[in-house]
Amino acid sequence: MNKIKIAVIGVGSLGQHHARILSTHEQAELIGVADANVERGKEIAKKCNTTNFTDIKEVIGKIQAAVISVPTPYHYDIAKQLLNAGIHCLVEKPFTETVEQATELIRIARDKNLILQVGHVERFNPAIIAAYPYVTEPKFIEVNRLGPYDPRTSHIGVVMDLMIHDLDMLLNLVKSKVISFEAHGAKILSAHEDIVKVRIKFANGCVADVSTSRVTINRYRKIRIFQKDSYISVDYAGKSLKIYKRKEGVDVVKSLFDIDVIKPKVKTGEPLGYELTHFLNCIIEGKKPLVSGEQGRDALELAHDILHYMQF
């Protein structure tokens, strides 16, 4: 098997795990890592038995693909350089700072026939993957993504840091145009919004309530999907899934005996690993990623609209 020559740009709290996984991946050859913090780059390069580059220009000509896991303000410039050099890119979320930047990167990738994937890793959570076959026509969706404050992400608010995962997931599950929304939030511990609640209405009639907080002691990440004859409960953090469904032939539920409780088998494994494998397979097979540049842009645009509504 010809391995994909790849580099990781940015090896901070998340990028280090991209490097760790790729360093032993059977479809990848980790050519090197790069980080603005040279000592950090050296440390991760040593752990992953690879090379540390101090300038991304050094990797051009040596790699076929790259994972960009630097702070969001640098996504656009780095991705543009690499795409223009003919390098496939997986760009962490949020995709870019602006929708216009995202649109330009999508155009470059399309013109050069390159894979451009956005790192919405929840799409590769084993629990949500197991739930997909049971999602038919959602009528109401409730999402809660709550957790403790992390000073490391205090430079941005919860919409771009956390809620954007759920906005992407909703757009993917509902597959309908957003026609309206109402959003409320507050600054509590930082200079940005720390808690936000949004109600989104879709053209097909589906309604979604999304709650995101980083002022909660315990970590809680769940999505509940309500349909005509079933209720799907996904625990992102616990990677578990339960489906409550009206039994065949039952028009009106009169007792719990009229309900089937289904617990599909959820495979084990690291979502980030599945995401990287998908990226590599898309390069090898020339197929469009599950989370394309267009989808990353759509989630980004909705996130910007929510922030504008709240005037944060």
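Note that the structure is a prediction, hence the values are computed from the model and not measured. All heavy atoms count here, side chains included; hydrogens, waters and symmetry mates do not.
In this structure, CD in Glu285 is found 11.0 Å from CD1 in Ile283, a value given to the nearest 0.5 Å. Distance check, rounded to the nearest 0.5 Å: CZ of Phe95 to CG of Leu105 gives 4.5 Å. Atom CG of Leu300 is separated from atom NE2 of His304 by 4.0 Å, given to the nearest 0.5 angstrom. How far NZ of Lys139 is from CG of Asp229: 10.5 Å, rounded to the nearest 0.5 Å. To the nearest 0.5 Å, atoms CZ (Phe124) and CG (Leu272) are separated by 10.0 Å. Annotation: the span from Glu193 atom CD to Ile156 atom CD1 amounts to 8.5 Å, rounded to 0.5 Å.
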For this session: Begin with the C-alpha distance, continue with both residues' side-chain angles, and end with the deciding distance and a verdict on side-chain contact (heavy atoms from CB on, under 4.5 Å) for Phe202 and Val178.
Result: CA-CA 4 Å; Phe202 294 87; Val178 173; 3.6 Å; yes
Evaluation steps, salt bridge (Lys or Arg N to Asp or Glu O under 4.0 Å), between Arg214 and Asp194:
CA-CA 6 Å; Arg214 60 182 180 192; Asp194 296 307; 2.6 Å; yes
**Item:** Working for side-chain contact (heavy atoms from CB on, under 4.5 Å), residues Asp235 and Tyr220
**Value:** CA-CA 8 Å; Asp235 183 339; Tyr220 183 89; over 6 Å; no
Requested in this report: Please test Arg20 against Glu270 for salt bridge (Lys or Arg N to Asp or Glu O under 4.0 Å), starting from the C-alpha separation and ending with a verdict.
Outcome: CA-CA 12 Å; Arg20 169 180 57 81; Glu270 196 173 353; 2.7 Å; yes
When you look at Leu116 and Leu114, which way does the side-chain contact (heavy atoms from CB on, under 4.5 Å) test go after all the steps?
-> CA-CA 6 Å; Leu116 177 57; Leu114 294 168; over 6 Å; no
Evaluation steps, salt bridge (Lys or Arg N to Asp or Glu O under 4.0 Å), between Glu301 and Arg297: CA-CA 6 Å; Glu301 184 171 24; Arg297 178 189 59 194; 5.6 Å; no
- Test log, rule side-chain contact (heavy atoms from CB on, under 4.5 Å), inputs Ile164 and Asp168: CA-CA 6 Å; Ile164 196 166; Asp168 168 71; 5.8 Å; no
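Checking side-chain atoms of His75 against main-chain N and O of Pro94 turns up a donor-acceptor pair under 3.5 Å. Remark: side-chain polar atoms of Arg40 are paired, donor with acceptor, to backbone N or O of Val11 under 3.5 angstrom. Looking at Glu137, its side chain never comes within 3.5 Å of a backbone N or O of Lys228 through a donor-acceptor pair. The backbone N or O of Ala127 sits nowhere less than 3.5 Å from a side-chain atom of Lys267 that would complete a donor-acceptor pair. Checking side-chain atoms of Ser211 against main-chain N and O of Lys197 turns up no donor-acceptor pair under 3.5 Å. Using modelled atom types, no side-chain atom of Lys112 and backbone atom of Ala109 make a donor-acceptor pair closer than 3.5 Å. The backbone N or O of Ser213 sits nowhere less than 3.5 Å from a side-chain atom of Thr216 that would complete a donor-acceptor pair. Judged purely by atom type and a 3.5 angstrom limit, Thr212 has no side-chain atom pairing as donor or acceptor with the backbone of Val158. Without hydrogens or angle criteria, Thr96 side chain to Gln101 main chain gives no donor-acceptor distance under 3.5 Å. Looking at Arg219, its side chain never comes within 3.5 Å of a backbone N or O of Ala237 through a donor-acceptor pair.
Hydrophobic clustering (side-chain heavy atoms under 4.5 Å, transitive across Ile, Leu, Val, Met, Phe, Trp, Tyr) keeps Ile129 apart from Val118. No single ILVMFWY cluster, assembled from side-chain heavy atoms under 4.5 Å apart, contains both Phe279 and Ile87. Val174 and Val291 fall into different hydrophobic clusters, where Ile, Leu, Val, Met, Phe, Trp and Tyr are joined by side-chain heavy atoms under 4.5 Å apart, directly or via other members. One hydrophobic cluster holds both Val196 and Val143 under the rule that ILVMFWY side chains link at heavy-atom gaps under 4.5 Å.
Of the candidates Leu14, Val33, Ile31, Val33 is the only one forming a side chain to side chain contact (heavy atoms under 4.5 Å, CB included) with Val8. Among Thr277, Asn281, Asn2, the one residue that satisfies the side chain to side chain donor-acceptor pair (under 3.5 Å) test with Gln27 is Asn281.
Side-chain atoms of Ile223 and Met169, non-hydrogen and from C-beta on, do get closer than 4.5 Å to each other. Annotation: side chain of Pro264 is in contact with side chain of Ile262 (closest heavy-atom distance under 4.5 Å). Taking 4.5 Å as the limit, every side-chain heavy atom of Asn218 sits out of range of all side-chain heavy atoms of Leu146. Residues Asp209 and Phe140 form a side-chain contact, since some pair of their non-hydrogen atoms from C-beta on lies under 4.5 Å apart. Residues Pro289 and Gln295 fail the side-chain proximity criterion, which asks for heavy atoms closer than 4.5 Å. A 4.5 Å side-chain heavy-atom check between Ile4 and His25 finds every atom pair outside the cut-off. Side-chain contact check for Tyr132 versus Leu173: some heavy-atom pair is nearer than 4.5 Å. No side-chain heavy atom of Arg107 sits under 4.5 Å from any side-chain heavy atom of Thr103.
The two residues Leu290 and His278 make their nearest non-hydrogen contact at N-NE2, 2.9 Å. Between Ala28 and Ile6 the shortest heavy-atom distance is CB-CG2, 4.1 Å. For the residue pair Ile128 and Glu122, the shortest heavy atom distance occurs at CG2-O, 3.1 Å. Minimum interatomic distance between Cys89 and Leu82 (heavy atoms only, all atoms of both residues): SG-CB, 3.8 Å. For His192 against Ser154, the heavy-atom pair with the smallest separation is CD2-O, 3.2 Å. Heavy-atom minimum distance, Ala203 versus Ser176: N-OG, 3.4 Å.
Judged by distance alone, the side chains of His18 and Glu92 do bring a donor and an acceptor atom under 3.5 Å apart. Checked by atom type, the side-chain pair Gln227/Tyr134 shows no donor-acceptor distance below 3.5 Å.
Heavy atoms of other residues, nucleotides or ligands lying less than 6.0 angstrom from OH of Tyr274 number more than 12.
Tyr309 and His184 have perpendicular rings, their planes meeting at more than 60° on a 0 to 90° scale where under 30° would count as parallel. Taking the six-membered ring where tryptophan is involved, the planes of His120 and His165 are perpendicular, since the angle between them exceeds 60° and thus also 30°.
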